[in-house]
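Okay, so here's the structure we're looking at.
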Amino acid sequence: MEKILIIGACGQIGVELTLALRKLYGASQVLASDIRDEHPLLSGTGPYVVLNAMDAPAIHALVKKEKITQIYLLAALLSATGEKDPKRAWDINMQSLLQVLDIGVQEKLTKIYWPSSIAVFGHTTPKQNTPQETIVEPKTVYGISKYAGELWCQYYHQRWGLDVRSLRYPGLISWKSEPGGGTTDYAVEIYHEALKHGSYTSFLDKGTYLPMMYMDDAIRGTIELMEAPVEQIKTRMSYNISAMSFAPEEIAAAIQKHIPGFEISYAPDFRQQIANGWPQSIDDHAARQDWGWKHEFDLQKMTSDMLFHLKKQKA
Ligand code: SER
């Protein structure tokens, strides 16, 4: 029987992925961990331990004690936070991955999941329909660590047969858990501010198109990738996946359909530079072909769902 350890379970992806995996595998089969106290939404839903993603001996001991067969390693510093302390971001993002890959080999884990990002791409990458394989020159330390990490995942697969799987997430938009210091966070903040103040000042400028995805799609895609038969996984780098692409004025227009007086203004900061180096849209036909990826949410459908749930949450 599979037993899953999630490292970084209290982050934006971690909370929802933990809940989804517990539904699928049973609460006791999914051990959630994070360096922080348990997220309120996880509390009472299954086992939880406080664990530092950098503490290899503690992770290794836990894997042995709990007879863990799969690890989802989600702990990371994202693009905007990473730029404030690049060396620390590199240490956290890389060291945690290499340690988990080693434990995977030593303990013969059946599968490992590790997320990558559109941040692997850079100014020299084609911006529209960015291909699965293309020029890759990331400018942020987050992007550099994600691309290096992809190469390590591929290396461990080739050298030791480790079944590591990965997705290059676009900006992720969710109402349950908060985003954690990324360049795409504006697309979450805007919904909260629309409901609270009826206005929002965007830290990305008008016309800044970025690939985005609703969390429901991201969680389903992650689980589908991990459940796919091994022969369907044709790349051991990370898969491009995409759902939608929009600029701040377009998400504002979608919100105005629900909140007519909503107003957006623009005050771009250092995150604009990061966004300028990323793709505007992603070609994900490899994921669609190899293991049947399909998105369900576009901008309109996501906006209705976000506002519905956030209103309910705030009521
Ligand atoms: N959402 C992430 C970020 O903005 C992209 O992977 O850093």
Side-chain angles (χ1 to χ4, degrees), residues 12-13 15-17 19-20 41 78-80 117-118 127-130 167-222 240-269 271-272 274-276 278-284 287-288 293-315:
Q12 191 194 10
I13 302 171
V15 170
E16 298 209 30
L17 196 53
L19 295 173
L41 288 175
L78 294 192
S79 60
S117 158
I118 54 161
K127 276 202 180 307
Q128 303 294 345
N129 292 321
T130 302
L167 296 174
R168 286 175 186 148
Y169 293 121
L172 297 180
I173 294 151
S174 59
W175 59 271
K176 277 191 194 155
S177 41
E178 309 73 36
T183 302
T184 54
D185 293 8
Y186 91 88
V188 180
E189 287 173 13
I190 194 170
Y191 288 109
H192 288 270
E193 293 300 305
L195 286 172
K196 229 191 276 168
H197 300 118
S199 64
Y200 178 64
T201 303
S202 169
F203 60 75
L204 295 185
D205 209 354
K206 211 174 171 169
T208 310
Y209 279 86
L210 287 172
M212 299 278 184
M213 183 179 290
Y214 199 36
M215 188 59 89
D216 296 42
D217 275 339
I219 298 298
R220 189 176 41 76
T222 306
N240 280 6
I241 51 165
S242 91
M244 62 185 108
S245 180
F246 56 77
E249 65 273 23
E250 292 178 352
I251 188 171
I255 292 173
Q256 277 156 358
K257 288 190 186 158
H258 299 262
I259 306 171
F262 175 69
E263 276 176 23
I264 185 166
S265 54
Y266 304 91
D269 67 12
R271 290 169 279 193
Q272 185 65 43
I274 300 178
N276 289 348
W278 286 356
Q280 297 189 343
S281 61
I282 297 285
D283 174 351
D284 61 356
R288 289 179 192 259
W293 159 247
K294 253 196 243 109
H295 70 279
E296 282 174 10
F297 284 84
D298 60 13
L299 178 57
Q300 307 305 331
K301 193 171 167 193
M302 173 177 82
T303 299
S304 303
D305 205 68
M306 274 297 278
L307 292 173
F308 172 79
H309 285 292
L310 287 178
K311 262 188 218 155
K312 229 165 77 176
Q313 203 178 47
K314 289 183 202 307

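Positions are given from 1, in the same order as the sequence printed here.
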Would you compute the distance between atom CG of D305 and atom CG of L310 and round it to the nearest 0.5 angstrom? 9.5 Å

Let me confirm one number: the CZ-CG distance from F246 to L299, rounded to the nearest 0.5 Å. 5.5 Å

Does the pair Q12 and L78 meet the rule for a side chain to side chain contact (heavy atoms under 4.5 Å, CB included), with working shown? CA-CA 11 Å; Q12 191 194 10; L78 294 192; 5.5 Å; no

What residue among H192, E189, E193 forms side-chain hydrogen bond (donor to acceptor under 3.5 Å, both in side chains) with Y200? E189

I251 versus A187, closest heavy-atom pair with distance: CD1-O, 3.7 Å

Non-neighbouring partners of T201 that pass side chain to side chain donor-acceptor pair (under 3.5 Å), sequence neighbours left out: S265

CG of D216 to CG of L172, rounded to nearest 0.5 Å, is 11.0 Å

Quick check: closest heavy atoms across E16 and S174, and the distance to 0.1 Å? OE2-CB, 3.7 Å

Which atoms form the tightest heavy-atom contact between W293 and R288, and what is the distance? O-CG, 3.0 Å

If you define the side chain from C-beta out and look only at heavy atoms, does anything of M302 sit under 4.5 Å from M244? yes

Sequence-distant partners of D205, side chain to side chain donor-acceptor pair (under 3.5 Å), two or more places apart: none

Any side-chain heavy atom of S242 sitting closer than 4.5 Å to one from H295? no

Of all residues at least two apart in sequence or in a different chain, which pass the side-chain contact (heavy atoms from CB on, under 4.5 Å) check with Q280? K127, Q128, Y209

May I ask you to decide if A254's main-chain N or O and Q300's side chain share a donor-acceptor pair within less than 3.5 Å? no

Looking only at heavy atoms, which two atoms of S245 and E250 are closest? And how far apart? O-OE1, 4.1 Å

Correct closest heavy-atom pair for I282 and I241 would be CG2-O, 4.2 Å

State, yes or no, whether a side-chain contact exists between Y169 and T222 at a heavy-atom distance under 4.5 Å. yes

side-chain contact (heavy atoms from CB on, under 4.5 Å) involving L204 - partner list, sequence neighbours excluded: T183, Y186, S202, T208, L210, P248, R271, Q272, A275

Atom CG in D284, atom NZ in K294: separation rounded to 0.5 Å? 12.0 Å

Approximate separation, where rounding is to 0.5 Å, of E249 CD and I264 CD1: 7.5 Å

Using a cut-off of 6.0 Å, state whether more than 12 heavy atoms not belonging to K314 lie near its atom NZ. yes

Partner set under side-chain contact (heavy atoms from CB on, under 4.5 Å) for I259, not counting sequence neighbours: A194, L195, I255, F262, L307

Excluding sequence neighbours, so at least two apart, what forms side-chain contact (heavy atoms from CB on, under 4.5 Å) with K301? E296, F297, D298

Residue pair K176 / L41, side-chain heavy-atom distance below 4.5 Å: yes

Of all heavy-atom pairs linking W175 and Q313, the shortest is O-NE2, 3.5 Å

Verdict with supporting geometry, I118 and N240, side chain to side chain contact (heavy atoms under 4.5 Å, CB included): CA-CA 8 Å; I118 54 161; N240 280 6; over 6 Å; no

